[in-house]
Engineer: 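Following this message is one structure expressed as structure tokens.
Residue numbers start from 1 in every chain, and the chains themselves are labelled A, B, ... in the order their sequence lines are given, proteins ahead of strands.
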Amino acid sequence: MSNVRVRFAPSPTGYLHIGGARTALYNYLYAKATGGTFILRIEDTDLERSNAEYEKLQIDDLKWLGIHHDEGPDKPNPKYGLYRQSERLDIYMKYAQQLIDKGQAYYDFCTEEELEAMKAKAEVEGGDPHYSGKWRESAHWDEAKKRVAAGEKTAIRFKAPKKSFELNDKVKGKVVYPDNMVGDFVIMRSNGLPTYNYCCVIDDMLMDISHVIRGEDHLNNTVRQLMIYEALGAKLPEFAHVSLLIGHDRQKLSKRHGATSVNLYRNEHYLPEAMCNYLCLLGWSHPDEKDIFEKSDLFSIFSLERFSAHPAMYDLEKLKWVNGEHLKKLSNPDLISLIEKEPETDYFSKQTPEWKNACVDLLKKYAVFTTDFPKLVNELILNENPEMTDPLKEIMGWETTPKIISYIAGELDKVNSSYLTEAELNVWMDHVKKDMAVKGKPLFQGVRAALTGHDHGPDLKFLIPLTPVTVLKKRVAQLKA
RNA sequence: GCUCCCAUCGUCUAGCCCGGUCUAGGACAUCGCCUUUUCACGGCGGUAACAGGGGUUCGAAUCCCCUUGGGAGUACCA
């Protein structure tokens with residue numbers, strides 16, 4: 001096992017988001033590609049919004065996608081302790097205390113109103129909206145410590161060094177943070193919980209995280225984290241800030257863009273491999289420019305070098321296409337068992353294995369989802385009362401069509417078997433062609449209309465032998481009327 | 001506002017790091033044609049992009065600067 005240790009660190013404040021799934025996938029693939037370890041850490045320090053139920057749902061969705069972690073709350077490595085931040089509070093406090101002792105952090109008793117006023121004042125004066133309270137001056141620290149010793153609740157603020165920082169990001173390259181970018185920031189809230197930019201660093205450091213692969217929305221935050229690493233004298237991991245997903249309006253992908261949580265796609269029976277495949281296409285590219293692949297195909301070739309640096313627009317059309325391609329790659333037995341899990345597949349399930357195979361071979365050309373199979377079976381095979389559409393009316397208007405219909409109705413009456421064979425159909429076709437002198441379009445469209453009640457569809461020679469004769473009889477009878 | 005990041009077809013992208021092989025390649029979508037004596041299959045093809053301006057160079061999609069545009073951050077959220 002290599003020294004590569006990566007993590008996905010979601011907040012359990014909602015369902016697993018498409019964007020979250022994408023970063024999780026990239027971390028997972030990088031671990032696989034390097035023989036490293038993929039860690040799941042739960043960042044539940046926002047008490048108001050965090051919810052254990054969401055944690056469970058997110059983990060379920062990751063499992064569904066086939067993104068499995070090596071370490072996590074359910075698979076702890078004793079060396080690294082617990083994997084929920086809410087269970088590591090003593091650790092954060094311990095390091096915060098160290099920072100205070102070294103003068104790199106201080107207690108801050110400012111109220112919300114004072115903070116607001118500070119910001120408003122800075123805005124008016126055109127200065128940087130940074131903390132300028134009295135508590136940052138060491139002259140007040142003894143007083144602060146006494147108040148804390150007396151049991152007063154207080155936030156702990158990190159004393160941001162006035163200097164610029166540089167980051168060599170694996171995706172963005174060299175990033176320079178000017179020295180006035182951030183002011184002193186809170187690391188421990190007055191309710192005793194740590195803030196993201198602080199506990200994230202403590203955990204990444206303590207969990208020996210080697211590569212931080214995350215969304216670009218964290219790129220600006222990173223300077224705060226760099227400061228903490230420096231104050232702690234900790235070794236820096238590599239960073240890779242992946243560009244964000246955007247919607248059709250080019251804004252950060254969010255709920256108002258429609259289906260953005262993974263569970264929605266799961267409910268609509270998208271194939272998990274297709275989801276992963278498509279997510280890889282957004283912001284990462286296959287070295288051989290392949291579009292369709294499995295996660296496991298990437299285990300040997302996934303690399304941080306092939307990320308694009310600009311936001312990618314999430315496009316449902318292409319996702320659907322990818323899903324269809326994965327559907328076509330499935331073996332017939334696998335596909336059949338997936339289809340039988342869909343609702344309304346009673347008819348399908350009752351057929352013979354030969355029928356199922358032929359049906360799947362025929363319909364998978366037209367299907368994008370497994371849910372399309374029952375729909376197609378209902379529409380193409382079981383529907384006894386096809387709708388009289390405009391194209392169908394046109395075909396009915398041809399002078400040869402009524403003759404074809406009455407001929408076929410007559411022939412159908414003589415059929416006693418439950419299915420027609422391809423050979424029997426060919427005899428009828430031959431008759432219409434030779435004895436009735438109908439050929440080409442009127443022939444095929446006429447017979448199709450008579451037997452299917454549609455103006456288009458799969459090849460008749462494959463479709464008709466799958467359709468019950470009783471259904472064919474009803475359709476013809478309806479058209480004759 | 002300030003700061004950071006980014007910029008190739010409508011969309012996802014290859015190419016950029018290491019300038020010539022790029023009259024810029026692929027995929028989705030779209031359009032057209034062909035074939036299957038029909039059509040929703042299949043095959044072939046078309047439309048369509050280096051944001052603009054300067055510079056460096058014999059030569060720039062590729063390197064530098066500016067402008068414009070887009071994204072993100074600016075919390076006791078993550």
Engineer: Please state whether the rings of A:F302 and A:W284 are parallel, tilted or perpendicular, taking 30° and 60° as the class boundaries.
Structural biologist: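 Parallel, since the angle between the ring planes stays under 30°.
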Engineer: Looking at A:F109, does the NZ or CZ of A:R147 lie under 6.0 angstrom from its six-membered ring centre and within 45 degrees of the ring axis?
Structural biologist: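 Because its charged atom sits under 6.0 Å from the ring centre and within 45° of the axis, A:R147 does stack over A:F109.
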Engineer: Has the side chain of A:S190 got a donor or acceptor atom sitting under 3.5 Å from an opposite partner on the base of B:C76?
Structural biologist: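 Per atom types, the contact qualifies.
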Engineer: Is A:T13 touching bases, backbone alone, or none of the nucleic acid, heavy atoms closer than 4.0 Å?
Structural biologist: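 No contact.
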Engineer: Nearest to the side chain of A:P311, which nucleotide is it out of B:G71, B:A7, B:A14?
Structural biologist: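 Nearest to the side-chain atoms of A:P311, counting from C-beta on, is B:G71.
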Engineer: Determine whether any donor atom in the side chain of A:N221 lies under 3.5 Å from an acceptor atom in the base of B:A78, or the reverse, and answer yes or no.
Structural biologist: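 Counting by modelled atom types and ignoring angles, a donor-acceptor contact under 3.5 Å is found here.
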Engineer: Suppose you measure atom C1' in B:U13 against the same atom in B:A49; what distance do you get, rounded to whole Å?
Structural biologist: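 My reading of the C1' atoms in B:U13 and B:A49 gives 12 Å.
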Engineer: Any N or O donor-acceptor pair linking the side chain of A:K318 to the base of B:A29 at under 3.5 Å?
Structural biologist: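 Between B:A29 and A:K318, which were checked side chain against base, a qualifying N/O pair under 3.5 Å is absent.
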Engineer: Kindly indicate whether the side chain of A:D459 and the base of B:C39 share any N or O donor-acceptor pair separated by less than 3.5 Å?
Structural biologist: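 Pair found.
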Engineer: Take A:D46 and A:D455, find for each the nucleotide of RNA chain B with the closest heavy atom, and name the residue whose nucleotide sits nearer the 5' end.
Structural biologist: A:D455
Engineer: Go through the steps to decide whether A:E143 and A:K145 satisfy the test salt bridge (Lys or Arg N to Asp or Glu O under 4.0 Å), and finish with yes or no.
Structural biologist: CA-CA 5 Å; A:E143 180 197 344; A:K145 280 170 191 166; over 6 Å; no
Engineer: Nearest-Å distance, OH (A:Y131) to P (B:C76)?
Structural biologist: 11 Å
Engineer: Is any N or O donor-acceptor pair between the side chain of A:E289 and the base of B:G25 shorter than 3.5 Å?
Structural biologist: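 Yes, the side chain and the base share a sub-3.5 Å donor-acceptor pair.
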Engineer: Apply the side-chain hydrogen bond (donor to acceptor under 3.5 Å, both in side chains) test between A:D184 and each candidate in A:R157, A:R136, A:K159; give the one that qualifies.
Structural biologist: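 For A:D184, the side-chain hydrogen bond (donor to acceptor under 3.5 Å, both in side chains) check succeeds only for A:R136.
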Engineer: Does any N or O donor sit under 3.5 Å from an N or O acceptor when you compare the side chain of A:K433 with the base of B:U37?
Structural biologist: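 Side chain to base: pair present.
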Engineer: Please classify the nucleic acid contact of A:L115 as base, sugar-phosphate, or nothing, using heavy-atom distances under 4.0 Å.
Structural biologist: base
Engineer: Taking any heavy-atom pair under 4.0 Å as a contact, classify A:R250: base, sugar-phosphate, or nothing.
Structural biologist: sugar-phosphate
Engineer: Expressed in whole Å, how much space separates the C1' atoms belonging to B:G25 and B:C9?
Structural biologist: 12 Å
